[in-house]
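These values consider heavy atoms only, across backbone and side chains, with no hydrogens, waters or symmetry-generated copies. On a predicted model such as this, the values are computed, not experimentally measured, just so you know. Residue numbers start at 1 and run along the sequence shown.
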Amino acid sequence: MYKIGFDNNKYLEMQSSRIRERINEFGGKLYLEFGGKLFDDFHASRVLPGFQPDSKLQMLLQLKDEAEIVLVVSAEDIEKSKVRGDLGITYDVDAVRLINEFTKIGLKVGSVVLTKYAPHPKVKAFEARLDSLGIKFYHHYIIDGYPSNIAKIVSDEGYGKNDYIETTRRLVVITAPGPGSGKMATCLSQLYHEHKRGIKAGYAKFETFPIWNLPLRHPVNMAYEAATADLNDINMIDPWHLEAYGETTVNYNRDVEIFPVLKATFDRIYGECPYKSPTDMGVNMAGNCIIDDEAVKEASRQEIIRRYYSAICAAAKGINKKDEIYKLELLMNQAGISCDDRKCAVKAQELAQRTTQPAAAAELCDGTVITGKTSDLLGCSSAMLLNALKYLAGIDKDVLLILPEVIRPIQQLKTEHLGSKNPRLHTDEVLIALSISAVSDENAAAAMAQLGNLCNAEMHSSVLLSPVDERVMKKLGVRVTCSPEGNIK
C-alpha cells in the first residue's frame, strides 16, 4: 500500500533556507556539490514517498540569476557506456539531455568536466558533440595516491595538473548524471586553482543520502547502499563528527575518506578548515521532513528488493553482477527482508505455478493485488494492466474492454507484416486498442481515465519483461520487478 511519508513543502522551505545560510557563510564564491540527481530524482521519490523528483531543481531555480552549473562526467563511465538505471540511457547521452533541460528552464550551464580523463574513442566522440553544441569542456586526471597522499594531491603535481574551470558567477553548482563521477574532487581542485588566482572561494555539499540524522541501519540509509551496490559505497558512523561533538551521525565511506583531503586543502589555502567533519559539510534537511517513519521504512524495504531483482535479472542477461548481488543479499539479510516481502512477486509466482504460463501481478496504491495471466490474445502484463484498470474504474472483471475482433487484426499485422513471432499484444498495443475502443465504449473510456491512478503501484512479472512492456509500465509510474526465469519476446 502506498502511503505518503514525507512533507515535500516543508522540505523545500527548510532546504532553501539552509542553503542560503551556507552561501552567506562564505564571501565571494561558493562551490556547491549537488549529490544525487537534480532532475528526475526517482530514487528519493521512491524511498521518501511524497518527495517530488524535481525538488532540488525547484530550489535551484530560486538562485538561477546568481548560479551556473558545471556538469561532471567520468571519462571511464563514458568509455564503459554506463547506463542510468532509472532512465535506461548512457551517461554521455544523459549529460547532453541535462544540458538541454537546464538551458530550457533558464539555468546557465557553464561547462562540462571530464574526470579520470583518458582520450578513449567514446570520450573523444562525446567531446566532439559538446563542441558542436558550443559547450566548453575541461579535463581532470587521476592523481596517484588519491585520496591518501594529501601532500601530492594538494600541489601542482596533483590538483595543479587539472584544467582550471572558468566560471563567472558566485554560486557554482557541481552536479553529475550519477554517483562516482568525481564531483567533490572537482570542487576541491577548483578551490586550489582559485586560491592561486587570488580568489576566495568556499565549498558545501548538498547530498540527500545517506540521511545524516537517521540511524545507520534505518531502511532509508540501507536503500542508499542498495542503490550504489555497484560502487560498493558503505554507510558508516562519521568518526570526525563523533570526535568533534560527541554526536552520532551517518555518512558514507567516500566522504569520510576524502575529508582529510578537504581539510588539508582548506588548511593549506586559508590556514583553517571551516568544517570539523564530513557531516558539517552537508546541508541536508530531508531527515527533518519525514512525517510517517513506518511508510518511509516500508518504501525503502521495497526499494532494496527491487534493486535485488534488477541485479539478478541483469545477471540472467549475461551482465556480470556477482559482487552487486552478494552485496544486495547482505543488505536484505540485515534489513530482515526477503523476496517474499514483495506481495506482487508472491502473487505473480503463485499464478505462474498454477497456470504453468508467465504471470504478472500489481499491488495498487490501496493495497489491492491484481493479477494477469497469459492467453492467446494477451501477454500477462497486458492482461494485468486491463484488469487493474477495470478494478480502478469499478468495472466488472468479466467485461471485455477490447473485443477479440479488434485484437485479432492487430495480431495479424504483427505476425504477417511486421515479422513478430509473438502474436500476443504488448502493453503499448493494448493501450492503443483501448484508446480506440474508448471512442465508442463507455467502459473503455472509463478504464482509460484511470491510467493516472496506476502511478506508484508495484508490479512483478514471473518472467523477464519485454523492453516495450517495461518502458510502458515505467512511463505509467509503475515500479516493476521481474523474475529471471525466461523471457517474453
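- Judged by distance alone, the side chains of Ser420 and Asn422 never bring a donor and an acceptor atom under 3.5 Å apart.
- Applying the 6.0 Å contact sphere to NZ of Lys347 captures no more than 12 heavy atoms from other residues, nucleotides or ligands.
- Between Arg217 and Glu225, at least one side-chain N (NZ, or NE/NH1/NH2) sits under 4.0 Å from a carboxylate O, which counts as a salt bridge.
- If you check the side chains of Ser81 and Lys122, you find a donor sitting under 3.5 Å from an acceptor.
- Glu485 approaches Ser462 most closely through the heavy-atom pair OE1-O, 3.6 Å.
- The backbone N or O of Gly178 lies less than 3.5 Å from a partner atom in the side chain of Ser181, making a donor-acceptor pair.
- With 3.5 Å as the limit, one finds a donor-acceptor pair spanning the side chains of Ser483 and Gln349.
- No hydrogens or angles considered: a donor-acceptor pair under 3.5 Å links the side chains of Asp233 and Tyr224.
- When Leu389, Leu377, Val472, Ile402 are each tested for a side-chain contact (heavy atoms from CB on, under 4.5 Å) with Val430, only one passes: Ile402.
- Between the Ser17 side chain and the Glu13 main chain, no donor and acceptor come within less than 3.5 Å of each other.
- Looking at Arg301 and Asp341, their side chains never come closer than 4.5 Å, going by heavy atoms from C-beta outward.
- With no hydrogens or angles considered, no side-chain donor-acceptor pair links Asn232 and Asp323 at under 3.5 Å.
- Taken from OG in Ser277 to CD in Glu247, the straight-line distance is 9.5 Å, to the nearest 0.5 Å.
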From CA spacing to verdict: side-chain contact (heavy atoms from CB on, under 4.5 Å), Ile432, Glu429 = CA-CA 5 Å; Ile432 292 170; Glu429 296 159 341; 5.7 Å; no
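- Using a cutoff of 4.0 Å between basic side-chain nitrogens and carboxylate oxygens, Arg18 and Glu21 are scored as salt-bridged.
- Atom CZ in Arg479 sits 13.5 Å away from atom CD1 in Ile305 (nearest 0.5 Å).
- With Asn221 contributing its side chain and Ile211 its backbone, the two residues share a donor-acceptor pair below 3.5 Å.
- Between Gln302 and Glu298, the side chains place a donor N or O and an acceptor N or O closer than 3.5 Å (distance only, hydrogens not considered).
- Between atom CZ of residue Phe51 and atom CD1 of residue Ile290 there is a gap of 11.5 Å, rounded to the nearest 0.5 Å.
- Taking a cutoff of 4.0 Å between a charged side-chain nitrogen and a carboxylate oxygen, Lys3 and Asp292 qualify as a salt bridge.
- No side-chain heavy atom of Ile174 sits less than 4.5 Å from a side-chain heavy atom of Ile69.
- Annotation for Asn333: atom CG counts as buried by contact number, over 12 foreign heavy atoms lying within 6.0 Å.
- Considering all non-hydrogen atoms of both residues, Glu405 and Pro409 come closest at O-CD, 3.0 Å.
- In this structure, Tyr91 contributes its side chain and Ala176 its backbone to no donor-acceptor pair below 3.5 Å.
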Would you please test Asn453 and Tyr391 for side-chain hydrogen bond (donor to acceptor under 3.5 Å, both in side chains) and show each step?
-> CA-CA 11 Å; Asn453 291 323; Tyr391 168 80; over 6 Å; no
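- Here Asp41 pairs with Lys56 in a salt bridge; the nearest charged N to carboxylate O distance falls below 4.0 Å.
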Residue pair Thr371, Asn387: steps toward the side-chain hydrogen bond (donor to acceptor under 3.5 Å, both in side chains) verdict = CA-CA 7 Å; Thr371 60; Asn387 290 339; 5.5 Å; no
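- With a 6.0 Å cutoff to the six-membered ring centre and a 45° limit on the axis angle, Lys108 does not count as a cation-pi contact of Phe102.
- Residues passing the salt bridge (Lys or Arg N to Asp or Glu O under 4.0 Å) test with Asp94, sequence neighbours excluded: Arg84, Arg97.
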Apply the test side-chain contact (heavy atoms from CB on, under 4.5 Å) to residues Trp240 and Tyr275: give CA-CA distance (whole Å), side-chain angles for both, the deciding distance (0.1 Å), then the verdict.
-> CA-CA 10 Å; Trp240 301 87; Tyr275 302 127; over 6 Å; no
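- With a 6.0 Å radius and a threshold of 12 heavy atoms from other residues, nucleotides or ligands, Gln334 has its CD atom above the threshold.
- Taking CG from Asp65 and CG from Leu107, the interatomic distance works out to 9.5 Å, rounded to the nearest 0.5 Å.
- Salt bridge Glu458/Lys343: absent, no basic N to carboxylate O contact under 4.0 Å.
- Heavy atoms from other residues, nucleotides or ligands lying under 6.0 Å from NZ of Lys373 number 12 at most.
- A salt bridge between Lys297 and Asp293 is present, with a side-chain N of the basic residue lying under 4.0 Å from a carboxylate O of the acidic one.
- In terms of modelled atom types and a separation under 3.5 Å, the side chain of Asp54 and the main chain of Leu57 share no donor-acceptor contact.
- Ion pair Arg254/Glu257 not flagged as a salt bridge, since none of the NZ, NE, NH1 or NH2 atoms sits closer than 4.0 Å to an Asp/Glu carboxylate oxygen.
- Side-chain contact between Arg22 and Glu25 is present, with heavy atoms from C-beta onward closer than 4.5 Å.
- Counted within 6.0 Å of CG on Asp376, heavy atoms from surrounding residues, nucleotides or ligands total 12 or fewer; the atom is thus considered open.
- For the pair Ala361 and Val369, the tightest heavy-atom approach, listed with the atom from each and the gap, is CB-CG1, 4.2 Å.
- Between Glu33 and Lys205 there is a salt bridge, since at least one side-chain N of the basic residue sits less than 4.0 Å from a carboxylate O of the acidic one.
- A donor and an acceptor atom, one from each side chain of Asn284 and Thr208, are nowhere located under 3.5 Å apart.
- No donor-acceptor pair under 3.5 Å is formed between the side chain of Ser381 and the backbone N or O of Asp469.
- Taken to the nearest 0.5 Å, the OG1 atom of Thr279 stands 8.5 Å off from the CG atom of Asp255.
- A distance-only check finds no donor-acceptor pair linking the side chain of Asp441 to the backbone of Ala438 [under 3.5 Å].
- Taking the six-membered ring where the residue is Trp, Phe206 and Tyr11 present tilted rings, their angle falling between 30° and 60°.
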Verdict with reasoning, Val256 to Met236, per side-chain contact (heavy atoms from CB on, under 4.5 Å) = CA-CA 9 Å; Val256 171; Met236 58 192 301; 3.9 Å; yes
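- Ala95 approaches Leu71 most closely through the heavy-atom pair O-CD2, 3.5 Å.
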Check against salt bridge (Lys or Arg N to Asp or Glu O under 4.0 Å), Lys327 and Glu324 | CA-CA 5 Å; Lys327 172 73 178 288; Glu324 188 175 340; over 6 Å; no
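- Checked for salt-bridge contact, Glu303 and Arg306 meet the test: a charged N lies under 4.0 Å from a carboxylate O.
- Looking at every heavy atom in both residues, Leu98 comes nearest to Pro177 through CD1-CA, 4.2 Å.
- If you take CG on Asn235 and OH on Tyr252, they are separated by 10.0 Å, rounding to the nearest 0.5 Å.
- By the neighbour-count criterion of 12 heavy atoms within 6.0 Å, atom OH of Tyr326 is sparsely surrounded, having that number or fewer from other residues, nucleotides or ligands.
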Is there a side-chain contact (heavy atoms from CB on, under 4.5 Å) between Phe34 and Lys183 once you walk through the steps?
-> CA-CA 8 Å; Phe34 262 60; Lys183 298 184 295 293; 5.8 Å; no
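- No side-chain donor from either of Thr374 and Arg424 sits under 3.5 Å from a side-chain acceptor of the other.
- Between the side chain of Arg307 and the main chain of Thr228, no donor-acceptor pair closer than 3.5 Å is present.
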